[in-house]
Amino acid sequence: MDPVVGAGVLSAVPTAARLAFHQSLGTLTDDVNRTLEARPDLAGLIGVDNLDLMRDNHANHASFMDNVFFLGNFKLLARIVPWVYRVYTARGFSLDYFPVELQAWADAIGNRLPSHLSEPILNVYAWMIRHHGDFAEQARLPDAAATSPALSVDLGRFVGVFLEGDFKAAERLTKEALGESPELEEFYLWILDPVMREIGRLWEHSLVSSAQEHVASALVTRMMSVAYSRIDRGPTLGKRVVACSGPHEQHQIGAWMVSDLLEARGWDARLLGADPSPEGLLSLLDEFRPAVLALSVTVPFHLRDAAQLIESVRRRPGLEDLRIMVGGQAFAMDASLATAIGADGYAPDARSAALLAEGWWEEVQR
Ligand code: B12
């Protein structure tokens with residue numbers, strides 16, 4: 001059975017229970033680490049030299065569940081769990097680790113929280129444990145390699161040169177695919193975006209290391225800087241946008257693309273990059289007075305932080321007219337998350353982000 005469909009049976013965790021869970025995240029994570037580390041069969045469950053990876057998984061699990069309870073979105077839970085199974089089994093974890101881990105969370109929650117608060121949370125854990133087989137099956141389904149949305153190029157050649165950080169070769173391949181003076185939008189959306197998606201897919205299957213992923217990201221940012229320097233700027237006509245990633249979010253290439261494509265359409269853009277300080281962002285909004293804030297969120301466990309940031313922007317006197325759009329892969333599985341975190345709009349890619357901002361600007365001018 002597809003767990004995404006089955007997740008419909010779960011009911012929202014009441015506020016008091018999810019706040020108690022939120023406040024106990026550190027303690028619960030320590031309990032789960034201790035329980036797993038005390039098991040004589042640990043090496044069989046997580047493989048060799050994987051203790052830090054297991055602790056990382058527990059920290060991420062805590063943040064992720066906190067977000068799921070905050071959003072009351074169990075389809076998100078059902079969609080992410082197979083990804084977790086895939087990533088960790090590709091790194092030597094046994095499938096048997098997951099029900100053991102989930103039971104350790106259930107025991108820790110049962111021990112630490114009073115029963116009227118733990119009960120609704122334990123229902124969710126019982127459901128996850130019951131669906132272990134379904135999650136394992138979903139994780140085993142083959143996934144297709146990323147392709148360019150409009151070009152029939154061999155992305156594998158690009159992936160190879162990006163993983164080596166080979167600027168010259170990447171430039172040569174780009175010119176072969178898009179001609180001597182590639183359009184910014186085509187270069188970003190038809191080449192860089194799918195190439196990075198494919199590198200992510202390979203990382204997920206442990207076929208690419210984190211170091212290689214970093215090398216590829218560095219090359220992308222170098223190539224984007226060169227492309228950016230060629231933008232033909234006209235007068236900005238007062239159209240102002242601030243673009244950044246959400247709090248704690250390290251993925252920033254998407255926000256850069258949104259910012260650059262808006263600049264190419266005559267917007268005056270301020271790009272803050274990754275993990276901005278909420279206070280710094282608010283001060284910039286006060287001073288710069290943009291019409292649009294474009295916020296990028298990739299990792300689902302950063303959604304709660306993004307929601308809190310949006311809430312503080314909404315409460316800020318003087319920013320009542322600011323429109324907030326969100327995008328990034330956290331919304332790819334479920335676009336309704338954009339409204340759930342308080343945004344005015346969502347766009348699936350940087351081109352549609354630019355069109356949405358233009359539409360908003362035209363509305364204001366009328
Ligand atoms: C590069 C990369 C990194 C780099 C980021 C470097 C940088 N300077 O940005 C580093 C190494 C830091 C990193 C870290 C991590 N990463 Co990473 N990363 C990637 C990778 C390979 C590419 C990301 C990227 O730049 N894509 C290209 C951009 C252009 O795509 P995009 O952001 O989606 O943007 C497009 C649209 O979404 C949209 N858009 C984006 N932002 C916005 C904003 C608005 C307002 C709008 C309207 C539209 C919009 O427009 C863009 C262009 O069309 C992806 C794989 C993938 N599928 O993308 C994994 C991926 C995102 N990472 C992943 C993970 C798990 C992580 C880590 C948790 C673990 C790790 N790998 O170390 C950490 C988390 C760090 C953190 N705290 O945020 C997972 C997330 C999976 C999930 N289910 O959550 C992915 C999907 C890999 C995978 N297949 O498993 N990562």
Mind telling me whether Y97 and F93 have parallel, tilted or perpendicular rings, with 30° and 60° as the class edges? perpendicular
Minimum side-chain heavy-atom gap D321-R289 below 4.5 Å: no
Knowing that exactly one of V326, L293, D305 qualifies, which makes a side-chain contact (heavy atoms from CB on, under 4.5 Å) with I310? V326
In terms of hydrophobic clusters joined by side-chain contacts under 4.5 Å, are I129 and V68 together? yes
Has D41 got a side-chain atom pairing as donor or acceptor with G44's backbone, closer than 3.5 angstrom? no
Are R140 and E137 within salt-bridge range, i.e. N to O under 4.0 Å? no
Going only through I, L, V, M, F, W and Y residues with side-chain contacts under 4.5 Å, is there a path from L76 to M65? yes
In this structure, are over 12 heavy atoms from other groups packed under 6.0 Å from E358 atom CD? yes
Counting heavy atoms not belonging to R91, are there more than 12 under 6.0 Å from its CZ? yes
Looking at side-chain heavy atoms only, is the closest gap between P120 and P14 below 4.5 Å? yes
Minimum-distance pair of heavy atoms, taken over all atoms of A338 and F331: N-CD2, 3.6 Å
Charged N to carboxylate O below 4.0 Å: is that the case for D334 and K75? no
Under 6.0 Å between ring centres: does that hold for Y85 and H132? yes
Once the angle between the rings of F69 and F21 is folded into 0 to 90°, is it parallel (under 30°), tilted (30 to 60°) or perpendicular (over 60°)? perpendicular
Establish whether M333 and L141 are linked, either directly or via other cluster members, by ILVMFWY side-chain heavy-atom contacts under 4.5 Å. no
Keeping N50 on the side-chain end and I46 on the backbone end, is there a donor-acceptor pair under 3.5 Å? yes
Within a reach of under 6.0 Å around CD of E183, are more than 12 heavy atoms found that belong to other residues, nucleotides or ligands? no
Look at the side chain of H214 and the backbone N and O of S210, then say whether any donor-acceptor pair between them is shorter than 3.5 Å. yes
Which pair of non-hydrogen atoms, one from V161 and one from L219, has the smallest distance, and what is that distance? O-CD2, 4.0 Å
Which pair of heavy atoms, one from P300 and one from I80, lies closest together, and at what distance? CG-CD1, 3.7 Å
List the steps, then state whether salt bridge (charged side-chain N to carboxylate O under 4.0 Å, His left out) holds for R351 with E186. CA-CA 10 Å; R351 175 185 147 76; E186 294 174 0; over 6 Å; no
Check S63 against N67 and note the closest heavy-atom contact, atom names and distance. O-ND2, 2.8 Å
Report the C-alpha separation of H131 and Y125 in whole Å, then their side-chain angles, then the decisive distance to 0.1 Å, and conclude whether the ring-ring contact (aromatic ring centres under 6.0 Å, His included) test is met. CA-CA 10 Å; H131 285 277; Y125 276 88; over 10 Å; no
Show your working on salt bridge (charged side-chain N to carboxylate O under 4.0 Å, His left out) between D268 and R270 and close with a plain yes or no. CA-CA 7 Å; D268 184 1; R270 292 285 182 280; 3.1 Å; yes
Got a donor-acceptor contact below 3.5 angstrom from the Q212 side chain to the L163 backbone? no
Have E263 and Y228 got a donor and an acceptor in their side chains that come within less than 3.5 Å? yes
Any sub-3.5 Å donor-acceptor pair from S277's side-chain atoms to G280's backbone N or O? yes
Would a single hydrophobic cluster contain both V4 and V84, if residues Ile, Leu, Val, Met, Phe, Trp and Tyr are joined by side-chain heavy-atom contacts under 4.5 Å? no
Under 4.0 Å between a side-chain nitrogen and a carboxylate oxygen: does that hold for R34 and D31? yes
Run the side-chain hydrogen bond (donor to acceptor under 3.5 Å, both in side chains) test against E311 and tell me which residues pass, sequence neighbours left out. R315
Quick check: do F187 and M223 have side-chain heavy atoms less than 4.5 Å from each other? yes
Locate the shortest heavy-atom distance separating L309 from P278; write the atom from each residue and the value. CD1-CB, 3.8 Å
Is the shortest side-chain N to carboxylate O distance from E171 to R222 below 4.0 Å? no
Would you call the rings of H58 and W105 parallel, tilted or perpendicular, where under 30° means parallel and over 60° means perpendicular? perpendicular
Candidates L102, V32, T29 - the one meeting side-chain contact (heavy atoms from CB on, under 4.5 Å) with H61: L102
Whether R55 and D30 form a salt bridge (side-chain N of Lys/Arg under 4.0 Å from carboxylate O of Asp/Glu) is what I want to check. no
For D107 and Q103, test the side chains for any donor-to-acceptor distance below 3.5 angstrom and give the result as yes or no. yes
Between W267 and W361, what is the ring plane arrangement, given parallel below 30°, perpendicular above 60°, and tilted in between? perpendicular
For W203, does the six-membered ring have the charged nitrogen or CZ of R86 within the cation-pi criterion, i.e. under 6.0 angstrom from the centroid and within 45° of the normal? no
Kindly give the heavy-atom pair with the smallest separation between I341 and A306, and that separation in Å. CD1-CB, 4.0 Å
What I want to check is whether the side chains of D193 and Y188 have a donor and an acceptor closer together than 3.5 Å. no
When you measure from the centre of the six-membered ring of F288, is the NZ or CZ of R240 under 6.0 Å away and within 45° of the axis? yes
Can you confirm whether R314 is buried at CZ, in the sense that more than 12 heavy atoms of other residues, nucleotides or ligands lie under 6.0 Å from that atom? yes
Are M224 and L189 connected, step by step, through hydrophobic side chains (Ile, Leu, Val, Met, Phe, Trp, Tyr) whose heavy atoms are closer than 4.5 Å? yes
